[in-house]
Amino acid sequence: MNHTDRLFLEWKKVNSKFYYIIILGLPTAVFLITCLFILFKKEALTNQPIELIIDNNIGSWYALLYPFTLLVIAQNLADTEHKHQLMLYAKSYKKHWFDLFAYKAIVATAILVLLTVLNICYNALLFKIASSFMEVGEGSRLLSETSLAFSKCAFVFLPAVFFHLMLSLLIEKNGIVYILGIFLIIVGIPIANLTDLVINPYSYGILIQKPDTAYLSLLVGGVFIVLGSLFLTNYRLKHK
Amino acid sequence: MNTSSIKIKDLSFSYRDKVIFEQANFTLQSNHIYGLIGPNGVGKTTLISILAGIQKKYKGLIENIDRPGLLLQGTGFYENLTVAENLNASKFDKKCTSIEVDQVLSLVKMTEYRTVKFSNLSQGYKQRLGIARSLLTDGNLVLLDEPFTAVDVQTVRLLKKAIVDYVANTKKIVVISSHQLKTIDDLIDQPLMIKSQQVQSFDLNKKRQKSHIIYLWLNDENSMQEVENNSAYVEQFNRVDDIVEITLSDNVKLKDFIEYLDQKQISWRRLDKEMPLEFFYFKE
């Protein structure tokens, strides 16, 4: 069985409704809410710089929506194993857990990438709608910058994907994992705004938005979290 | 294919303060079907978990077990995957091939269900798939915890045949746990009993005596005394809890004895000619 088949199985383990809700539903809902906001505040926004809308849209995704989404994605991927004690079966024949972890991380990343593609499209649509009555300035530059900013998401939240997958696989009670994840997201916002600490992967979205981003420390911190999550999960599941 | 025997030496395991196994020693021979019997809570599932590698906090030495096939109680599959995909999900780790997946599906008569989604299967077919998954292993051991629970008689028959055929073809070891000896005694080669923190094997036929012995479940103490004191009908009387083993006198037929019970209005609820597991277990 090759890797493509195994990835496909990993993808299929999760109910397809979940993918519709997360990949299609969430960006669409956010886009529609923003459109409604523009519609109701059109008078106040007329002739204002378009960055007001676009930056706000990106900011909400980086600070909250992406971390929350990856929380839900990782948890759902792990829940397929916890349900019906399937982890026990795996314990009886698995020599290590790296592969299972890696496949789930790849699927989670793929979902984030698809979500990002849709976000870029919606952002362009939002730009088109808002540009009819707002101050655009260098429109093409802004559009390419925001598209790039969205593209960074799938990459910058990779450590958080790994970290939350680790929590979801090691802790069977998903309520606890959700609370822990939400707590880290909320706590991470002021820490990331006030410091350059790279210990909380959920706030990497905020850190990379800062003007003086320390890319190297983000990279080192990210690699450390990815590898740490991978090895710790393998160790704990082997010895649990 | 690994078909050598499995040795368990000095196995000790405690759960909280309760000792489940204390220096237990036993050997499982290849090409054998073992029946692991004992009342609920005695440690059957614990032993299965230890042998399966799930429960690791034990002391002792378990030799020659690698990636055993496994069926646990109350466990399921990936609901969104099909029958074949569910087996494929573990095929790689178990070092099995697509041909072997087809073989185990054929054994449990599920070849035509390959593409059916697991959530659309009936309970009986889900259990068949559970057995198929357990038989899909390159290891020398298959562990089945209460495999015939909540399945109809035909399915039980089919699954028993599948297990017998599997062992005949592969020479592997199958351990089946059950709290009802009756369910598995036509299938197993050797019973294993968990008692006094030990795993003991025994010859079932020697323990069972056929002629003139009946097992009766009596409802009250008065009935017990009445039966025990009736020397005309009862030659020998042994009691374990509310079950009595009665050796009928030579000239007494079972029909006569039942008539006697009715006449004396002795309150009883079950009668068996084969030694029930509860009696057997506690008498030992």
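Computed from a prediction, not measured in an experiment: that's the story for all the values here. Atoms considered below: every heavy atom in the structure, side chains included; atoms not considered: hydrogens, waters and symmetry mates.
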**Message:** Treating Tyr89(A) as the side-chain partner and Leu72(B) as the backbone partner, does any N or O pair qualify as donor plus acceptor under 3.5 Å?
**Reply:**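 Yes: the side chain of Tyr89(A) pairs with the backbone of Leu72(B).
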Provide the closest heavy-atom pair for [X] versus [Y] in the form atom of the first, atom of the second, distance.
X        : Y        : result
Pro68(B) : Ser92(A) : CD-O, 3.5 Å
Phe77(B) : His84(A) : O-CD2, 3.6 Å
Gln73(B) : Gln85(A) : O-NE2, 4.1 Å

**Message:** Could you walk me through whether Asp93(B) and Asp99(A) satisfy the side-chain contact (heavy atoms from CB on, under 4.5 Å) test, starting with their C-alpha distance in whole Å, then the side-chain angles of each, then the deciding distance to 0.1 Å, before giving a yes or no?
**Reply:** CA-CA 10 Å; Asp93(B) 287 307; Asp99(A) 54 346; 3.6 Å; yes
**Request:** Before giving the answer on side-chain contact (heavy atoms from CB on, under 4.5 Å), spell out for Asp5(A) and Asn88(B) the whole-Å C-alpha distance, their side-chain angles and the decisive distance to 0.1 Å.
**Result:** CA-CA 9 Å; Asp5(A) 292 338; Asn88(B) 285 337; over 6 Å; no
So for atom [atom1], which belongs to [X], do other residues, nucleotides or ligands contribute more than 12 heavy atoms lying within a distance under 6.0 Å?
X         : atom1 : answer
Lys152(A) : NZ    : yes
Phe26(B)  : CZ    : yes
Phe98(A)  : CZ    : yes
Ile99(B)  : CD1   : no
Phe68(A)  : CZ    : yes
Lys56(B)  : NZ    : yes

**Message:** Looking at chain A, which one of Ser49(B), Gly69(B), Ser90(B) has the largest number of heavy-atom pairs inside 4.5 Å, strictly under?
**Reply:**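 Between Ser49(B), Gly69(B), Ser90(B), the count favours Ser90(B).
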**Prompt:** Which bit of Gln55(B) comes within less than 4.5 Å of chain A, counting heavy atoms only: side chain, backbone, both or neither?
**Reply:**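 Contact with chain A involves no heavy atom of Gln55(B) at all.
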**Asked** Do Tyr78(B) and Lys13(A) have side-chain atoms, one donor and one acceptor, less than 3.5 Å apart?
**Response**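 Yes, because at least one side-chain N or O of Tyr78(B) sits under 3.5 Å from a partner of the opposite role on Lys13(A).
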**Request:** Give, for atom CG of Asn80(B) and atom CG of Leu9(A), the distance between the pair rounded to the nearest 0.5 Å.
**Result:**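 The CG atom of Asn80(B) sits 11.5 Å away from the CG atom of Leu9(A).
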**Worked check of side-chain contact (heavy atoms from CB on, under 4.5 Å) between Lys12(A) and Leu81(B)** = CA-CA 7 Å; Lys12(A) 256 193 96 178; Leu81(B) 300 187; 3.5 Å; yes
**Asked** Should Lys95(A) and Arg67(B) count as side-chain neighbours, where that means a heavy-atom distance under 4.5 Å?
**Response**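 Yes - at least one pair of side-chain heavy atoms lies under 4.5 Å apart.
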